[in-house]
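Have a look at the structure below, then the notes.
Counting starts at 1 for both ligands and their atoms, following the listed order. Values in this document were obtained by computation on a predicted structure and should not be read as measured data.
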Amino acid sequence: MCRHVAWLGAPRTLAGLLLDPGHGLLHQSWEPRRQAHGTVNADGWGVGWYSPARPEPARWRSSRPMWAEASLTSVAPHVASGCVLAAVRDATVGMPGDESACAPFARGRHLLSHNGVVDRSVLPAEAWPRAESVCDSAVLAAHLLDEPAALGERVAAVGAADPRARLNVLLADGERLLATAWGDTLSVLQAPDGVAVASEPWDDDPAWSDVPDRTLVTVTPDGVDLTPLEIP
Ligand code: GLN
């Protein structure tokens, strides 16, 4: 299982979101607190963020461990955004190790990250040509990005086709976040200046709340909505 995090709200810097919190994504890359599958997330990392410059997000991915990305600590305090999605990777056995297999995956104005594992044979063949990598998460992303508004339905259908799949997915479009809890931990922080959705809390603030398994989380500027996901 990898770890991921997204922010929607007033602009915060990448440093403030990812590097500075005591148990933020950088710390989770070597010492996650709630990771049930795998121990370290050293197989790459990635971040995408939105700016007024254009609708499509900027994206920076790397196959290095996040802690070994020498320029990140220099750049991250200078980049601020109101919508950010980032991930650190613990590669599933047999999956490729290059940066194209690292989340976030992107299409148009969408960014997508997947924590978990899925049997690629249950995913439609039409998704493969649009996948950024043969990694299971990339093929899943290609399938889910074919219909971003139906994230919950598509995740539940994939979960029905592969009962062993773990399908925690995080999706951003610059104006809202969608997330699924399906087989792994997920938490939400409603802060005064925005909302964070993360595999695990980045600190011990009691405002973090745990999302029940098999739930779709929708975050808009108007608030947070939780919807149960049912196997179709
Ligand atoms: N299966 C995905 C990969 O290989 C995600 C792995 C994970 O969540 N640890 O990258």
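Evaluation of the ring pair (Phe, Tyr, Trp, His ring centres under 6.0 Å) rule for H23 yields H27 as partners, not counting sequence neighbours.
Looking at R166 against ligand 1, nothing comes within 4.0 Å, counting heavy atoms. Both the backbone and the side chain of T92 come within 4.0 Å of ligand 1, judged by heavy-atom distances. At a 4.0 Å heavy-atom cut-off, ligand 1 touches C2 through backbone and side chain alike. Only the side chain of C135 comes within 4.0 Å of ligand 1, judged by heavy-atom distances.
Atoms of ligand 1 found under 4.0 Å from any heavy atom of D90, numbered from 1 in the order shown, are 6 (C), 7 (C), 9 (N). Every atom of ligand 1 with a heavy atom of D136 under 4.0 Å away is listed here by number and element: 1 (N), 2 (C), 3 (C), 4 (O). For ligand 1, the atoms lying closer than 4.0 Å to a non-hydrogen atom of A91 are 4 (O). Ligand-side atoms of ligand 1 in range of R89: 3 (C), 4 (O), 10 (O), range being under 4.0 angstrom from any heavy atom. Of all atoms in ligand 1, listed by their number and element, those nearer than 4.0 Å to a heavy atom of N115 are 8 (O). Against a heavy-atom cut-off of under 4.0 Å, S137 is close to the following atoms of ligand 1: 1 (N), 2 (C), 3 (C), 5 (C). Residue M95 has at least one heavy-atom neighbour below 4.0 Å for each of these atoms of ligand 1: 4 (O).
Using a cutoff of 4.0 Å between basic side-chain nitrogens and carboxylate oxygens, R176 and D225 are not scored as salt-bridged. Between R59 and E99 there is no salt bridge, since no side-chain N of the basic residue sits under 4.0 Å from a carboxylate O of the acidic one.
Under 3.5 Å, the side chains of S63 and D98 contain no donor-acceptor pair of N or O atoms. Between the side chains of N115 and S199, at least one donor-acceptor pair of N or O atoms lies under 3.5 Å.
Annotation: side chain of D184 is in contact with side chain of R3 (closest heavy-atom distance under 4.5 Å).
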Side-chain donor-acceptor pairs under 3.5 Å in residues 44-53, sequence neighbours left out?
unit_1, atom_1, unit_2, atom_2, d
W45, NE1, E69, OE1, 2.9
Y50, OH, R109, O, 2.6
Y50, OH, A172, O, 3.0
S51, OG, A53, N, 3.2

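A heavy-atom separation below 4.0 Å is not found between G38 and ligand 1.
If you check each of G116, C102, A138 against atom 5 (C) of ligand 1, the one with the closest non-hydrogen atom is G116.
The structure places CG of L8 at 4.5 Å from CG of L177, a figure rounded to the nearest 0.5 Å.
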Side chain to side chain donor-acceptor pair (under 3.5 Å) assessment of D20 paired with W202 = CA-CA 9 Å; D20 299 342; W202 66 46; over 6 Å; no

